Asker: 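Just passing along the structure, written as structure tokens.
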Amino acid sequence: MATPRRPAETLPAELRPFIGHLPHADLQAAARRARRLGVGADEVLVAQGMVDDAEATGLLAAHLGLAVAATDDAATPHDAPTAEAVLRTGVRIEAPDGARPRFTLAARGRDVRRLVRALRRDPGLAGRMRLAVPGAFRRAVMAAAGPTLAEAAVARLPARDPLKSAATLDPKRVLGRIALVVGLPLALLLALAPEQGVLAVQALLSLVFLGWVSLRLASCAYDPPADPPPTLDDRQLPVYSLLVPLYREALSVPHLVAALGALDYPPEKLDIKLVVEADDDATRAAIAALGLPPQMEEVPVPAIGPRTKPKALAVALAAARGSFVAIYDAEDLPEPDQLRRALEAFRQGGRNVACVQARLAVDNGDDSWIAASFAAEYAAQFDVLLPMLSALGLPILLGGTSNHFRRRVLDEVGGWDPFNVTEDADLGIRLARAGWQTRVIASTTFEEAPVTARAWLGQRTRWLKGWAQTLLVHLRQPQALMADLGVGPALALLLLAAGPFAAALVHPFCVALLLADLLRGVIGLPRDSLAEALTSALTFTTLFAGYAGTAAITYVGLRRRSRMPGLKVVLGIPLYWLLLSAAAWRALFELLRRPHHWQKTEHGVARHRVAQAAALRHSDVTGSASAPPPPRPAAAWN
């Protein structure tokens with residue numbers, strides 16, 4: 001007759017240190033959950049808050065007879081490659097003066113089982129091993145190696161592929177060459193034949209602009225299919241790293257932590273990094289006062305290199321442990337199942353899909369006219385245009401948030417360019433040039449739009465400057481761009497990137513010409529020459545085609561969100577375009593004066609977000625059920 005197994009023998013090795021410290025029923029429940037998730041049972045205990053990180057390490061060390069490393073260990077590695085390896089593996093190896101190696105391990109889960117087996121085979125290892133508290137261990141590595149990691153992040157892409165980085169771009173020189181190649185012939189033409197010269201310029205700009213409008217109108221006819229439902233069970237889910245760059249975002253922290261805590265994903269498999277500038281005392285104090293759940297941790301970024309979001313992301317990527325990485329902004333409210341739906345898109349799309357872009361929608365469109373217009377613009381972009389580009393396999397200028405990546409592909413293409421102020425658009429192009437595909441899913445992340453024209457203008461100036469930066473970077477080798485993408489996709493990319501910028505630059509002149517003709521009372525009357533008639537016709541055609549095209553794609557986008565554009569939004573399109581023109585001209589001047597300057601957008605000022613933040617300050621936001629439900633915007637924004 002078989003001898004019954006004792007209770008301790010039914011528990012995995014990583015749970016045995018907790019016998020006598022936690023109820024046996026809780027240990028058994030943790031073991032069952034661990035088997036269902038495919039993780040270590042001690043990871044379950046920590047993630048569920050039954051023990052904290054330090055207590056778990058102390059009990060494990062006592063059980064195995066190992067020492068616990070000091071949290072301020074001075075032997076933390078300082079060179080970037082070693083620091084990255086230590087952060088990813090949780091193992092530091094030291095061999096001073098040729099002595100036998102010593103090991104410091106931040107062990108959890110399956111690593112604990114391997115450690116137990118190694119100590120059984122060679123008990124002498126215990127004298128050369130010590131355990132570290134995982135969170136404290138990572139913080140110590142980042143504190144010691146942070147400056148080196150920042151320097152490496154800044155230099156990575158410029159060193160690997162200098163012609164694809166804005167760090168090596170001299171906008172004045174490039175624009176000067178364009179002026180010589182294009183401007184001199186045009187100036188000569190205008191001097192010799194003024195009317196024909198104006199017509200040639202107008203025809204060229206109209207061709208680009210009408211091509212952009214046509215592409216947007218064509219997208220209105222495409223009805224994207226519904227996303228397939230997620231099929232991966234919890235055991236099949238990978239570790240997912242979420243990088244959330246924060247700068248002067250103290251007001252957004254409670255709302256952000258609540259929103260991330262509401263994600264439908266096992267916390268044992270989440271690795272959430274709140275990426276903060278090291279000298280941003282207010283945001284860091286807000287995080288410290290809040291108290292983060294075990295799956296979240298702060299990553300301070302040293303003030304080395306450009307003070308930009310992509311630099312911060314590049315530094316934080318070194319500490320990310322997941323095989324998939326997603327980017328969120330401080331004000332984001334993603335739908336709870338977004339990570340699962342992104343993984344299903346990766347699975348359905350195959351190995352060539354490197355990025356999945358979720359749709360962005362504004363949830364404070366009723367705060368002001370500028371916010372409502374911004375919301376309508378987002379609906380056109382993310383609910384109409386991008387799904388068609390995704391279906392056609394064309395390059396996509398990524399949104400700055402809610403993009404999901406295969407980690408290995410990010411490493412392969414060099415990650416984000418720290419010197420590009422629209423790192424998302426640039427990365428989307430570099431992924432396409434490297435042969436990778438991007439998919440767009442219907443899962444939504446709700447965002448906050450600027451509520452004042454001043455805040456909107458600053459943000460849009462940065463976006464347009466970044467698009468111009470990106471265009472100039474990738475057009476330095478036009479033949480290589482065509483070879484990488486193919487002629488058709490390259491032309492589509494030029495229309496998508498250059499079209500809105502060119503339209504914004506020339507729009508005030510078209511409006512001025514229209515107003516001049518109205519004041520002179522010559523609209524519809526015969527002109528003195530064919531060139532003058534054609535110039536006026538092209539001007540008015542592009543102007544009204546732009547307005548009509550914007551109204552059409554806005555209508556389709558908002559209808560897909562079960563909304564209707566308010567009358568003020570529709571009638572305000574010409575004014576919104578004039579604001580776009582102001583931003584475009586500001587962007588052009590800033591590109592020449594301060595190409596790498598990052599214009600910060602203030603968040604946490606929307607009315608409903610302020611109310612939510614106040615409510616959250618008086619509640620527990622660390623639980624998974626504590627986040628507010630997704631907002632339900634009004635059916636029409638006026």
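What you are looking at is a predicted structure, and each value in this text was computed from that prediction instead of being measured.
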Asker: Under 3.5 Å, is there a donor-acceptor pair between the side chain of Asp42 and the main chain of Gly109?
Answerer: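 Side chain of Asp42 to backbone of Gly109: a pair is present.
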
Asker: Minimum heavy-atom separation for Ala152 to Ala80, with atom names?
Answerer: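 In terms of heavy atoms, the two residues are closest at CB-CB, 3.7 Å.
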
Asker: Partners of Arg138 by side-chain hydrogen bond (donor to acceptor under 3.5 Å, both in side chains), sequence neighbours excluded?
Answerer: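 With sequence neighbours excluded, Arg138 shows a side-chain hydrogen bond (donor to acceptor under 3.5 Å, both in side chains) to Glu297, given in chain and number order.
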
Asker: Closer than 3.5 angstrom, by distance alone: can the side chain of Gln357 be matched with the main-chain N or O of Thr438 as a donor-acceptor pair?
Answerer: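 No: the side chain of Gln357 does not pair with the backbone of Thr438.
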
Asker: Report yes or no: does Lys273 contribute a side-chain atom to a donor-acceptor pair with the main-chain N or O of Leu313 at less than 3.5 Å?
Answerer: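 Here the side-chain-to-backbone pair does not exist.
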
Asker: For a 4.5 angstrom cut-off between non-hydrogen side-chain atoms, does Leu333 reach His255?
Answerer: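 A side-chain contact under 4.5 Å exists here.
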
Asker: Under the side-chain contact (heavy atoms from CB on, under 4.5 Å) criterion, do Phe419 and Leu169 qualify, and how do the steps go?
Answerer: CA-CA 9 Å; Phe419 295 89; Leu169 178 70; over 6 Å; no

Asker: In sequence, state the C-alpha distance, the side-chain angles, and the governing distance for Leu270 and Leu339, and then conclude on side-chain contact (heavy atoms from CB on, under 4.5 Å).
Answerer: CA-CA 10 Å; Leu270 277 177; Leu339 304 186; 3.7 Å; yes

Asker: Working to the nearest 0.5 angstrom, can you tell me the gap between Thr422 OG1 and Arg462 CZ?
Answerer: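 The distance works out to 8.0 Å.
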
Asker: Are the side chain of Lys269 and the backbone of Asp234 linked by a donor-acceptor contact shorter than 3.5 Å?
Answerer: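 Side chain of Lys269 to backbone of Asp234: a pair is present.
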
Asker: Report yes if the side chains of Val421 and Pro595 come closer than 4.5 Å at any heavy-atom pair, otherwise no.
Answerer: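 The answer is no, as the side chains (C-beta and beyond) never meet within the 4.5 Å cut-off.
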
Asker: Which residue is it: Asp484, Asp161, Asp426? I am looking for the one with a salt bridge (charged side-chain N to carboxylate O under 4.0 Å, His left out) to Arg433.
Answerer: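 When salt bridge (charged side-chain N to carboxylate O under 4.0 Å, His left out) is applied between Arg433 and each of Asp484, Asp161, Asp426, only Asp484 qualifies.
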
Asker: Does Arg235 offer a backbone N or O that forms a donor-acceptor pair with the side chain of Asp233 under 3.5 Å?
Answerer: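 The answer is yes, because a donor-acceptor pair under 3.5 Å joins these two groups.
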
Asker: Measure from the side-chain N and O atoms of Thr82 to the backbone N and O of Asp79, and report whether any donor-acceptor pair falls under 3.5 Å.
Answerer: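 Absent.
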
Asker: A side-chain contact here means heavy atoms from C-beta on lying under 4.5 Å apart; do Ile396 and Ser390 qualify?
Answerer: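 A side-chain contact under 4.5 Å exists here.
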
Asker: For Phe18, run the side-chain contact (heavy atoms from CB on, under 4.5 Å) check against Leu59, Leu60, Asp26 and tell me which one passes.
Answerer: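 It is Leu59, the one option of Leu59, Leu60, Asp26 that forms the side-chain contact (heavy atoms from CB on, under 4.5 Å) with Phe18.
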
Asker: Which residues pass the side-chain hydrogen bond (donor to acceptor under 3.5 Å, both in side chains) test with Arg32, not counting sequence neighbours?
Answerer: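 With neighbours one apart ignored, the set is empty.
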
Asker: So, does Arg359 use its side chain to make a donor-acceptor pair with the main chain of Val440 at under 3.5 Å?
Answerer: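 No; zero donor-acceptor contacts below 3.5 Å.
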
Asker: Rounded to the nearest 0.5 Å, what separation is found between the CG atom of Asn352 and the CZ atom of Arg406?
Answerer: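 Output value for this atom pair is 9.0 Å.
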
Asker: Mind checking whether Asp424 and Ile327 have side chains closer than 4.5 Å, heavy atoms only?
Answerer: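 No - every pair of side-chain heavy atoms lies 4.5 Å or more apart.
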
Asker: How would you list, by chain and number, every residue that makes a side-chain hydrogen bond (donor to acceptor under 3.5 Å, both in side chains) with Arg113, sequence neighbours excluded?
Answerer: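 Arg113 satisfies side-chain hydrogen bond (donor to acceptor under 3.5 Å, both in side chains) with Glu14 only.
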
Asker: So among Glu84, Glu412, Glu151, which one has a salt bridge (charged side-chain N to carboxylate O under 4.0 Å, His left out) with Arg156?
Answerer: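 Exactly one candidate clears the test, Glu84.
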
Asker: Of all the heavy-atom pairs spanning Ile441 and Ala345, show the shortest one and how long it is.
Answerer: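 Closest heavy-atom pair between Ile441 and Ala345: CG2-CB, 3.6 Å.
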
Asker: Taking the side chain as every heavy atom from C-beta outward, state whether Val275 and Val315 have any atom pair closer than 4.5 Å.
Answerer: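 Contact flag for Val275/Val315 side chains = no.
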
Asker: Check Ala342 against Val356 and note the closest heavy-atom contact, atom names and distance.
Answerer: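 Nearest heavy atoms, Ala342 then Val356: O-CG2, 3.9 Å.
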
Asker: Would you please test Asp111 and Arg114 for salt bridge (charged side-chain N to carboxylate O under 4.0 Å, His left out) and show each step?
Answerer: CA-CA 5 Å; Asp111 289 338; Arg114 286 189 282 269; 2.4 Å; yes

Asker: Inspect the contact between Asp417 and Lys164 and indicate whether a charged nitrogen and a carboxylate oxygen are less than 4.0 angstrom apart.
Answerer: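 Looking at Lys164 and Asp417, the cut-off is not met.
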
Asker: Might you work through the side-chain contact (heavy atoms from CB on, under 4.5 Å) test for Leu11 and His24, ending with a clear yes or no?
Answerer: CA-CA 10 Å; Leu11 296 174; His24 190 71; 3.8 Å; yes

Asker: Just wondering, do Leu343 and Pro230 contact through their side chains at under 4.5 Å, heavy atoms?
Answerer: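 The answer is no; the side chains never approach within 4.5 Å.
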
Asker: May I have the step-by-step check of side-chain hydrogen bond (donor to acceptor under 3.5 Å, both in side chains) for Thr308 and Glu423, ending in yes or no?
Answerer: CA-CA 9 Å; Thr308 60; Glu423 79 295 334; over 6 Å; no

Asker: Walk me through whether Thr470 and Asn420 qualify under side-chain hydrogen bond (donor to acceptor under 3.5 Å, both in side chains).
Answerer: CA-CA 7 Å; Thr470 300; Asn420 193 308; 3.1 Å; yes

Asker: Indicate the atoms forming the closest heavy-atom contact of Ser443 with Arg341, along with that distance.
Answerer: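 Minimum heavy-atom contact is N-NH2, 3.5 Å.
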
Asker: Can you find a heavy atom in the side chain of Met129 that is under 4.5 Å from one in the side chain of Leu64?
Answerer: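 A side-chain contact is absent here, since even the closest heavy-atom pair is not under 4.5 Å.
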
Asker: So, Glu94 and Arg130, do they make that salt bridge, N to O below 4.0 Å?
Answerer: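 Salt bridge between Glu94 and Arg130, a charged N being under 4.0 Å from a carboxylate O: yes.
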
Asker: For Cys355 versus Leu431, what's the shortest heavy-atom pair and its separation?
Answerer: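 Scanning both residues completely, I find the closest heavy atoms to be CB-CD1, 3.9 Å.
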
Asker: Give the minimum heavy-atom separation between Ala41 and Pro12, together with the two atoms involved.
Answerer: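 Nearest pair, atom of Ala41 first, then Pro12: CB-CG, 4.0 Å.
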
Asker: Can you tell whether the side chains of Arg408 and Asp411 come within less than 4.0 Å, N to carboxylate O?
Answerer: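 Not counted as a salt bridge, because no side-chain N and carboxylate O are separated by less than 4.0 Å.
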
Asker: Tell me, which pairs form a salt bridge (Lys or Arg N to Asp or Glu O under 4.0 Å) where one or both residues lie in residues 44-54, sequence neighbours left out?
Answerer: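 Of all non-adjacent pairs touching residues 44-54, those that pass salt bridge (Lys or Arg N to Asp or Glu O under 4.0 Å) are Asp53-Arg108.
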
Asker: Distance check, rounded to the nearest 0.5 Å: Leu360 atom CG versus Glu447 atom CD?
Answerer: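 It is 5.0 Å, given to the nearest 0.5 Å.
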
Asker: Kindly compute the distance separating CZ (Arg33) from CD (Glu43), expressed to the nearest 0.5 Å.
Answerer: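 Between Arg33 CZ and Glu43 CD, I get 11.5 Å after rounding to 0.5 Å.
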
Asker: Should the pair Arg407-Asp271 be classified as a salt bridge under the 4.0 Å nitrogen-to-oxygen rule?
Answerer: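 Looking at Asp271 together with Arg407, the answer is no, because their closest N to O distance does not fall below 4.0 Å.
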
Asker: Rounded to the nearest 0.5 Å, what's the gap from CZ on Phe405 to CG on Leu317? Could you check?
Answerer: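 Those atoms lie 10.0 Å apart.
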
Asker: Atom CD in Gln295, atom CG in Leu263: separation rounded to 0.5 Å?
Answerer: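 One gets 9.0 Å once the value is rounded to the nearest 0.5 Å.
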
Asker: Does Leu256 offer a backbone N or O that forms a donor-acceptor pair with the side chain of Glu331 under 3.5 Å?
Answerer: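 Looks like no, no N/O pair under 3.5 Å.
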
Asker: Determine whether Arg340 and Glu344 satisfy the following criterion, side-chain contact (heavy atoms from CB on, under 4.5 Å), listing intermediate values before the conclusion.
Answerer: CA-CA 6 Å; Arg340 295 177 183 266; Glu344 187 63 25; over 6 Å; no

Asker: Would you mind reporting whether Val46 and Val51 have side-chain heavy atoms less than 4.5 Å apart?
Answerer: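 Yes, their side chains come closer than 4.5 Å.
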
Asker: Mind checking ring pair (Phe, Tyr, Trp, His ring centres under 6.0 Å) for Tyr265 and listing every partner two or more places apart, or none if nothing turns up?
Answerer: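 Partners of Tyr265 by the ring pair (Phe, Tyr, Trp, His ring centres under 6.0 Å) criterion, ordered by chain and then number, come out as Tyr240.
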
Asker: Any chance you could lay out the side-chain hydrogen bond (donor to acceptor under 3.5 Å, both in side chains) test for Arg347 and Thr231, step after step, and finish with the verdict?
Answerer: CA-CA 9 Å; Arg347 194 183 74 82; Thr231 58; 3.3 Å; yes

Asker: Hey, is the main chain of Gly415 close enough, under 3.5 Å, to the side chain of Arg430 for a donor-acceptor pair?
Answerer: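 Indeed, once roles are kept as given, a pair shorter than 3.5 Å links the two residues.
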
Asker: Just jot down the side-chain hydrogen bond (donor to acceptor under 3.5 Å, both in side chains) partners of Thr444, sequence neighbours excluded, or say none.
Answerer: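 side-chain hydrogen bond (donor to acceptor under 3.5 Å, both in side chains) list for Thr444, sorted by chain: Arg561.
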
